[in-house]
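Worksheet for the structure shown next.
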Amino acid sequence: MASAFLHVNDLGKSYGQVRAVDGISLEIPKGSIYGFLGPNGSGKTTTIRCIMNIILADRGEILFDGRPLDRQLLDRVGYLPEERGLYRKMKCAEQLAFLATLKSVPRKEAQRRAEAWLERLGLGEWKDRKVDALSKGMQQKVQFAATFLFEPDLVILDEPFSGLDPLNVETMRDVIREQNARGCTIILSTHMLAEAEKLCDSVCLIEGGRKVLDGTLEAVRTDFPLKSVRVAYAGGKEPPARLPGIAHRVFQDDSWRLTLESGASTDAVLDALRAAGQLTLFAANRPALDEIFLSVVRERRAAAGTEAAS
Ligand code: ATP
């Protein structure tokens with residue numbers, strides 16, 4: 001396991017009676033693309049704002065590379081906030097260069113990088129136009145460039161894809177991968193779970209201000225109980241109508257899709273299937289991240305409802 005770039009330990013933040021963040025601990029591995037996921041109002045933005053020292057946490061510890069955020073570290077951390085904000089009357093290249101100088105990039109180098117980034121994002125022709133003249137999506141790309149321009153070691157992106165068309169989402173995804181390959185650790189807070197699944201190597205799911213699961217994407221998907229398997233038998237034989245651990249079967253796309261009973265052991269199911277004939281196909285359908293997300297959140301909400309009712 002890679003060492004952690006960012007440690008968050010028992011973070012808590014309330015707004016009046018609302019516990020927006022209620023004891024969240026995170027370890028963001030150095031060099032990872034880390035998906036910070038959760039439904040609306042689950043506390044993602046509040047957590048990120050505490051990490052960036054924009055709001056003060058009620059409790060907890062936040063350490064970057066072993067120390068609290070300071071001026072020097074800020075020059076190594078990029079942040080794309082949920083609410084975008086650029087100087088509307090400033091020209092695009094000028095603005096990017098100015099923002100980079102605030103992060104200690106020398107003026108000449110900042111200008112060179114500003115133009116290169118605008119080219120890279122397809123905005124080369126707009127470099128001398130004021131931000132005001134750009135569409136919302138284009139402004140978002142400029143802000144995205146500003147987040148990476150000073151070559152930070154850690155970048156936090158809060159909903160970077162919202163409002164972008166699929167082509168631009170793809171461009172942003174490519175930039176995220178390139179920057180990660182350069183060695184930048186990236187925290188990606190998003191509702192777009194399919195995007196998170198394409199990009200992230202580790203994920204964390206929060207709900208109601210608490211962490212409900214985290215780990216490498218691989219481990220999260222492997223640990224989640226299987227809901228179904230696909231099988232086929234030699235000679236097109238049908239699986240027996242009743243098999244232990246199997247709730248339902250349907251023939252689909254040249255094979256049988258068997259829905260597992262909740263809590264069924266995959267090993268026991270495989271043994272029972274083998275005993276019934278010669279298998280030519282046995283494939284586990286690993287759940288997608290959004291299925292895991294929905295299942296975990298629904299389960300937790302149902303349990304909370306039961307608790308409240310009892
Ligand atoms: P979304 O995905 O919708 O942006 P989120 O996961 O980022 O949501 P937060 O914005 O952190 O969630 O909100 C967590 C909780 O804290 C919500 O119940 C929200 O209403 C509340 N909250 C957030 N900011 C404030 C504030 N400034 N004052 C009062 N309550 C707030």
Side-chain angles (χ1 to χ4, degrees), residues 2-7 28-34 36 45 48-54 62-124 126-131 134 137-161 164 168 171-190 199:
S3 62
F5 190 102
L6 177 65
H7 279 271
I28 318 289
K30 206 172 250 179
S32 63
I33 303 183
Y34 189 93
F36 191 47
T45 298
I48 290 173
R49 288 190 180 140
C50 290
I51 291 172
M52 291 308 297
N53 225 354
I54 291 165
I62 298 165
L63 297 174
F64 290 78
D65 237 358
R67 58 184 223 262
L69 192 61
D70 57 23
R71 182 72 197 81
Q72 242 183 343
L73 271 169
L74 263 179
D75 280 355
R76 296 170 56 201
V77 180
Y79 171 46
L80 180 75
E82 197 179 28
E83 324 73 44
R84 321 299 180 200
L86 291 165
Y87 301 101
R88 306 184 63 84
K89 302 289 171 204
M90 225 169 165
K91 291 174 184 164
C92 292
E94 196 186 336
Q95 166 135 213
L96 281 180
F98 168 70
L99 292 173
T101 57
L102 295 182
K103 294 285 195 178
S104 306
V105 179
R107 176 113 208 118
K108 271 252 140 56
E109 175 62 12
Q111 281 165 346
R112 191 194 64 75
R113 287 193 207 170
E115 296 200 8
W117 268 94
L118 288 171
E119 272 311 320
R120 166 72 180 88
L121 296 180
L123 294 172
W126 296 81
K127 68 182 172 128
D128 292 324
R129 300 289 301 274
K130 285 185 185 152
V131 169
L134 270 58
M138 288 154 100
Q139 291 184 24
Q140 191 162 330
K141 288 206 286 182
V142 174
Q143 197 160 357
F144 198 78
T147 312
F148 286 103
L149 191 72
F150 56 101
E151 298 184 351
D153 296 327
L154 172 73
V155 157
I156 303 178
L157 303 169
D158 198 352
E159 294 292 352
F161 307 119
L164 292 178
N168 279 326
T171 307
M172 302 300 201
R173 203 189 297 137
D174 289 347
V175 170
I176 291 172
R177 287 205 183 102
E178 281 164 25
Q179 293 295 312
N180 182 246
R182 172 181 69 71
C184 183
T185 302
I186 290 167
I187 300 174
L188 177 65
S189 174
T190 183
L199 280 165

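Given the structure is predicted, the values throughout are model-derived calculations rather than measurements.
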Using the ring of each side chain (for Trp, its six-membered ring), is Phe5 parallel, tilted or perpendicular to Phe64, with breaks at 30° and 60°?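 Phe5 vs Phe64 ring planes: perpendicular.
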Looking only at atom types and distance, does a side-chain atom of [X] sit under 3.5 Å from a main-chain N or O of [Y], one as donor and one as acceptor?
X	Y	value
Asn180	Thr185	no
Gln95	Tyr87	yes
Gln143	Leu80	no
Gln139	Leu134	yes

Side chains of [X] and [Y], heavy atoms from C-beta outward: is any pair under 4.5 Å?
X	Y	value
Lys127	Leu96	no
Gln111	Glu115	no
Ile48	Glu82	no
Arg112	Glu109	yes

Arg182 with Glu178: basic N within carboxylate O range, under 4.0 Å: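 Result for this pair is no, no salt bridge flagged.
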Could you check whether Asp153 pairs with Lys30 (Lys NZ or Arg NE/NH1/NH2 to Asp/Glu carboxylate O, under 4.0 Å)?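 So Asp153 does not pair with Lys30 through a salt bridge.
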Taking atom NZ as the centre, does Lys103 end up with more than 12 heavy-atom neighbours from other residues, nucleotides or ligands that are less than 6.0 angstrom away?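 Enclosed: over 12 neighbouring heavy atoms sit under 6.0 Å from NZ of Lys103.
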How long is the gap from CG on Leu6 to CD1 on Ile187, to the nearest 0.5 Å? 5.0 Å
